[in-house]
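Everything below concerns the one structure shown next.
Note on naming: letters A, B, ... go to the chains in the order of the sequence lines (proteins, then strands), and numbering restarts at 1 for each one. The basis for the numbers below is simple: all heavy atoms, side chains too, and nothing from hydrogens, waters or symmetry mates. For clarity, every value in this text was computed on a predicted model and none was experimentally measured.
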2 protein chains.
Amino acid sequence: MSVDHVFIVDDDEAIRDALSWLFQSRGVAVKSYDSAEAFLKEWRPGQSGCLLLDIRMSGMSGLDLFDRLRDVSSSLPVIFLTGHGDVPMAVSALKKGAMDFVEKPFNDNELVDRVIEALALSAQRREREADTADIAGRLAALTARERQVMDLVLAGKLNKVIADDLGITMRTVEVHRAHVFEKMGVKTAVELAQLLSNYRL
Amino acid sequence: MSVDHVFIVDDDEAIRDALSWLFQSRGVAVKSYDSAEAFLKEWRPGQSGCLLLDIRMSGMSGLDLFDRLRDVSSSLPVIFLTGHGDVPMAVSALKKGAMDFVEKPFNDNELVDRVIEALALSAQRREREADTADIAGRLAALTARERQVMDLVLAGKLNKVIADDLGITMRTVEVHRAHVFEKMGVKTAVELAQLLSNYRL
DNA sequence: GCCCATTTGTCGGATATCCACAATAGCCCT
DNA sequence: AGGGCTATTGTGGATATCCGACAAATGGGC
């Protein structure tokens, strides 16, 4: 099983070393990068962990990298580190979904706490995404007709009504309905509703 | 129908006047207060609108008022205004759920846009809360036994199994089930599941 | 005593579930 | 072209479940 890493992206070697030492001494695995580009080269969506991101860097800035990650719909929690941040920058980053925005020099213990929080969040998100992907996969296995029937079942309609709506026999509806239940791994319409309600959004 | 107001809380009369003029000229209703205490005296939970809150005030500070509103679980969106804010303060406010954190001097158009966003959010929250309260009310009307039966129904169990679990007759379960459906205003178990899935959390 | 919650019962119709058997159409692969 | 597979649709019948109306007994609280 892959351990969740803290990804450190900072062009200042002294900072990288200090952060690496800090987290490794607390038993948290670390990977360091000296630029946003270097991180992007290794990063694969789906990896979970926590990104510690310096804002001011030569080349791609931390904010640019953040936007890029949002584009690929990464759910990686991001904590910004900055030496010369201002209020509008912090507000903008947080409103865009950053987990935190910390000024250097930072308090070691607080930072570690935030990172551990973020790692927990990331693991939780990953789990949730795995569930969602699982559901999505099962939904994709449904045929178009089965999907239609399922939607009507979830609308609380009776098989007879569904048959009318689709212009087919009740018996056919029953077959589709049974297939939907089988493919989705449930035994009743209520279970199906519960399953989808938790993961549709 | 009550119009959504912008509530301005600032101890600087010049700011209050400027903001009042700004919003009234854009057709947004305004109520001004010269202190957090004055606002709290008039404020009733459930009112929707948007709070424009100065941080530095004599007496109760804006942050104190914000915390107080959170305690009474107010869903009023809050936009902080500040002349001398720093990054940690902004970060803290946003992480606690403030909608925005704006430094003076502010851009009129941007502020108005944010406020209009906030008013929309507030209206949406209010609607959602009304729905939730409605559901909560119906749930409260259920007897203990009906609630038990409902939970088992939502677990996808058959009446026969529910009867076994509760040590009562199937017929009795049917009666409770019918009462639950009637009180919750639904006709099928699936509708019940849909209803609760959207408002339970 | 009255109201309500809880429990139980019967009867019958409407619905849903399950199974066996069967047919048509479209697809991929050989 | 032929064979296999899936999706789709159909029939008939047996069984289980759900639902509504009518009825009634018990116990608690006002």
When the distance from [atom1] of [X] to [atom2] of [N] is rounded to whole Å, what number comes out?
X	N	atom1	atom2	value
B/Met170	C/dT8	CE	P	13 Å
A/Lys160	C/dG13	NZ	P	14 Å
B/Ile162	C/dT8	CD1	P	14 Å
B/Leu158	C/dA16	CG	P	14 Å
B/Glu146	C/dA5	CD	P	7 Å
A/Lys157	D/dC18	NZ	P	23 Å
B/Leu166	C/dT6	CG	P	12 Å
B/Glu174	D/dG20	CD	P	10 Å

When you get a sec, tell me which of [options] is the closest nucleotide to the side chain of [X]?
X	options	value
A/Asn159	C/dT7, C/dT6, C/dT17	C/dT17
B/Phe181	D/dC19, D/dT17, C/dT7	D/dC19
B/Ile168	C/dT6, D/dC19, C/dT7	C/dT7

For [X] and [Y], test the side chains for any donor-to-acceptor distance below 3.5 angstrom and give the result as yes or no.
X	Y	answer
B/Thr82	B/Glu103	no
B/Arg44	B/Gln47	no
B/Ser75	B/Arg125	no
A/Asn109	A/Arg26	yes
A/Ser20	A/Asp17	no

Start at the 5' end of DNA chain C and walk down; is the nucleotide closest to A/Lys187 or to B/Thr169 reached first? B/Thr169
First of B/His179 and A/Arg177 reached from the 5' end of DNA chain C, by closest nucleotide: B/His179
With a 4.5 Å heavy-atom cut-off, do A/Arg56 and A/Asp11 have their side chains touching? no
Less than 3.5 Å between a donor and an acceptor, one on the side chain of B/Arg145 and one on the base of C/dT6, is that the case here? no
Between the base of D/dT9 and the side chain of A/Arg171, is there any donor-acceptor pair under 3.5 Å? no
Pairs under 3.5 Å (N/O, protein and nucleotides 24-30 of chain D):
none

So which heavy atom on B/Gln194 is nearest to which on A/Leu154, and how close? NE2-O, 2.6 Å
For B/Thr143 and C/dA5, is the shortest distance between a side-chain N/O and OP1 or OP2 below 4.0 Å? no
Classify A/Ala178 by what it touches in the nucleic acid, base, sugar-phosphate, or nothing, heavy-atom distance under 4.0 Å. nothing
